Amino acid sequence: MRLSRTCTPLSSLALAAALTAALCAATPAVAQQAAPAAPAAPAPAPAPQAPPRLIVAISVDQFSADLFQQYRERYSKGLSRLLQGAVFPSGFQSHAATETCPGHSTLLTGVHPSRTGIIANNWFVPGIARADKQVYCSEDESNPKSNSEDSVISPAHLKAPTLGDLLKKNNPASLNVAVSAKDRAVVMMSGHTADAAYWIKGKGFVTFEDRKLSPAALAENEALAKTVAAGAGDLPVPGWCGAVDRPTDMGGFTIGTYRFPLKAGDMKGFANSPRLDQATTDMAVRLLDEMPLGQDDVPDVLSVSYSATDKVGHAYGTEGVEMCIQMNVLDQTVGTLLDALDARGLDYVVVLSADHGGADAPERMKLQGVPEASRLDPALTAEALSASVAQATRITVKDGPLLYGAGGSGDIWLNAGLTPAQRKKVIAELVAELKANPQISGVYTADELKTVKVPSGQPQDWTEIERVAASFDPERSGEVLMMTRRAVVPGTRPQPGYTATHGSPWDYDRRVPMLFWRKGMVRMEQAQPVETVDIAPTLAGLVGLSEPAGTWDGRCLDIYAGESDSCSR
């Protein structure tokens, strides 16, 4: 707007005169000339046209939508950049079994755990020739070297193809690469055709049993060893962490003020700190060059799963200075990865989401407005339920316990030695006892769940049984599934290193952010609920990969603001 030239300051000696000058300088000259018309709004930037050469799929383990919302205004590095893309703050892991393996299995398959077959981190097979009857989600239990505590890692249990699998099927030249601190994250995001797959075990990165470590992995392990051997002081605490920097008594120890000093040679301390994500990024960057990724016209996939948020959440909960430090390091770490991609001139698209959310320690929740927060009733453990059901039914078994499971994911399996009549009686008593417990919100049998159709859309409105059905596989799930009430945290007591967890059918465990970014995108934020099973079809739309109807449970999300449709290729 044009300003008047008739108003000038009369004196510079008085403050009042100076204020008058300032006000006069901003006086519109409406008497002299009408204001010009407002300039037309700039046309939106054109959406990217060519398919990206590299898909970078990032998972942040235990990164709830609540945690994202709490710290989003503090992000200034990598996460800040992703906030300039397409932001879906209400993504849902729609199923009830909100654990690492099931959650990761949805991210790039586009289907729920009921179709991936990954119903939990661990499940029980009562008839298996193994003493504990337990099977790990990413193991090959047919390998005689494998057991539930030290598994031979394999994608054998994953029933659905990942996006990397489908791209390689479409063109074998596509590269499918994954890295994480956790083997189950690597396996569930890369699937059956990983060209490179690395996770941390022992003192460094390892890979599948039948493969050798590449030069990149050997170099990263050497660098990691030097870092651990040197040790380090406390991690820096941003000034904005002050509000959460206070102790909470856990009965014999406290949480809320730890700063992650690293004792020289302490690999365990390193692996349970935010530094773990930095090592994951370092390994991913080395793989960018070694493979190499995104260097030709055939799209590649790089999956990166950051595990430190989950480590910190379990050990210290979500509302102390520990998680605040982690959010700062995560932001910087994602920034390091994006900067490395930029430095190589790669045309890439990024998606960032999570396998599940997480609850804070109930002891602190009680102090912060959640009086009903509690730990699991010891009567709901497999041991206690086995004893009470056996006493009520007078049914016993020769080998092993009557029941397996309970607790975390809620699945309960029956001993393989029961007759059909005994099974029916045990299930009836078990259901009755569970329904009588005030911590239980719902009890469902396998026969009931087999008849439930998993819905689509509006995941926040799904009933509890629909959420359970979305992670129910009749070949692997228990005969009875129990769901605990809101704010009941699995685990009967806290201990140093494990004070909080996840696994419930409630929003704090199910709701996660979904962020998409690519150079040239116009920023948009869509608050309507979406699902993590929407990620794979959305990315497929960007690279022009078309699959038969029914391939995915999710839908393609249009992440380009304006007239362009990212799903229309």
Side-chain angles (χ1 to χ4, degrees), residues 44-59 81-82 84-88 107-111 160-178 189-191 193-196 284-285 287-289 291-304 334 337-353 514-524 526 530 532-549 551-552 554-569:
Q49 296 300 313
R53 295 183 175 185
L54 177 62
I55 293 169
V56 181
I58 300 174
S59 172
R81 190 199 299 194
L82 299 186
Q84 304 310 307
V87 179
F88 297 87
L107 294 176
L108 292 182
T109 63
V111 299
T162 64
L163 182 63
D165 290 333
L166 294 173
L167 285 172
K168 287 189 74 68
K169 180 181 178 182
N170 183 62
N171 189 330
S174 282
L175 295 173
N176 181 13
V177 175
M189 293 185 77
S190 61
T193 60
D195 294 286
V285 172
L287 290 171
L288 283 176
D289 298 326
M291 296 307 296
L293 295 167
Q295 299 289 343
D296 57 26
D297 292 333
V298 181
D300 302 326
V301 180
L302 171 63
S303 300
V304 182
V334 173
L337 177 61
L338 300 186
D339 289 345
L341 292 162
D342 292 339
R344 287 154 179 79
L346 301 177
D347 179 6
Y348 63 96
V349 63
V350 180
V351 61
L352 183 146
S353 191
M514 286 167 46
L515 314 176
F516 296 85
W517 183 90
R518 188 183 181 195
K519 186 177 181 180
M521 283 178 62
V522 176
R523 185 188 184 282
M524 59 169 275
Q526 178 51 263
V530 292
T532 57
V533 293
D534 297 333
I535 292 173
T538 299
L539 297 174
L542 290 178
V543 297
L545 178 68
S546 124
E547 292 295 322
T551 298
W552 294 298
R555 61 189 174 94
C556 181
L557 304 173
D558 179 11
I559 61 173
Y560 290 163
E563 296 299 323
S564 298
D565 185 347
S566 64
C567 298
S568 62
R569 294 188 185 279

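If you're wondering where the values come from, they're calculated on a predicted model, not measured in any experiment.
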Discussion item. Between K519 and D347, does any NZ, NE, NH1 or NH2 come within less than 4.0 Å of an OD or OE carboxylate oxygen?
Written reply: no
Practice prompt. Would you check if S59 and M189 make a side-chain contact, meaning some heavy-atom pair closer than 4.5 Å?
Written response: yes
Fill in: Sidechain-backbone polar pair: S566 side chain, L542 backbone, donor-acceptor under 3.5 Å
no
Discussion item. Under the criterion side-chain contact (heavy atoms from CB on, under 4.5 Å), I'd like the reasoning laid out for D289 against R344: C-alpha separation, chi angles, the key distance, then a yes or no.
Written reply: CA-CA 9 Å; D289 298 326; R344 287 154 179 79; 2.7 Å; yes
Worksheet item: What is the ring orientation for F516 with F88, classed by angle as parallel under 30°, tilted 30 to 60°, or perpendicular over 60°?
Response: perpendicular
Worksheet entry | Exercise: identify the closest heavy-atom pair between G554 and P537 | C-CG, 3.9 Å
Worksheet item: Can you tell me if N170 uses its side chain to pair, donor with acceptor, with the backbone of L167 under 3.5 Å?
Response: no
Practice prompt. Supply the atom-to-atom distance D300 CG to L175 CG, rounded to the nearest 0.5 angstrom.
Written response: 4.0 Å
Item to complete: For residues A536 and G110, report the shortest heavy-atom separation together with the two atoms involved.
Response: CB-N, 3.7 Å
Worksheet item: So do the side chains of I559 and M514 get within less than 4.5 Å of each other, counting heavy atoms only?
Response: no
Discussion item. Taking V177's backbone N and O only, do any of them form a donor-acceptor pair with D195's side chain (distance below 3.5 Å, no angle check)?
Written reply: no
Discussion item. Go through it in stages, so that I can follow the logic: the residues are T538 and V351, the test is side-chain contact (heavy atoms from CB on, under 4.5 Å), and I'd like the CA-CA distance, side-chain angles, deciding distance and then a yes or no.
Written reply: CA-CA 10 Å; T538 299; V351 61; over 6 Å; no
Discussion item. Tell me whether D558 contacts the main-chain N or O of C567 through its side chain, where contact means a donor paired with an acceptor under 3.5 Å.
Written reply: no
Discussion item. Quiz question: by atom type and distance under 3.5 Å, do the side chains of N176 and S190 form a donor-acceptor pair?
Written reply: no
Fill in: Value rounded to 0.5 Å, distance of CG in L352 from CD1 in I535
9.0 Å
Discussion item. Tell me the closest heavy-atom pair linking A160 and V111, and the distance in Å.
Written reply: CB-CG2, 3.7 Å
Worksheet entry | Heavy-atom closest contact (V298 atom, A173 atom, distance) | CG1-C, 3.9 Å
Worksheet item: Does any N or O in the side chain of W517 come within less than 3.5 Å of the main-chain N or O of A86, such that one atom is a donor and the other an acceptor?
Response: no
Fill in: Flag side-chain contact, heavy atom, 4.5 Å: W552 against D534
no
Worksheet entry | Verdict with reasoning, D342 to R81, per side-chain contact (heavy atoms from CB on, under 4.5 Å) | CA-CA 12 Å; D342 292 339; R81 190 199 299 194; 2.6 Å; yes
Fill in: Straight-line distance of L163 CG to I55 CD1, nearest 0.5 Å
4.5 Å
Discussion item. Contact between L539 and L108 at the side-chain level, heavy atoms closer than 4.5 Å - yes or no?
Written reply: yes
Worksheet entry | Residue pair L346 / L288, side-chain heavy-atom distance below 4.5 Å | yes
Worksheet item: Would you say L82 and L338 make side-chain contact, with heavy atoms under 4.5 Å?
Response: yes
Item to complete: Answer whether the closest heavy-atom distance between the side chains of L557 and Q526 falls below 4.5 Å.
Response: no
Discussion item. Give me the atom names and distance for the closest heavy-atom approach of P52 to V349.
Written reply: CG-CG1, 3.7 Å
Discussion item. Quick one, V350 and R518 - any side-chain contact, counting heavy atoms below 4.5 Å?
Written reply: no
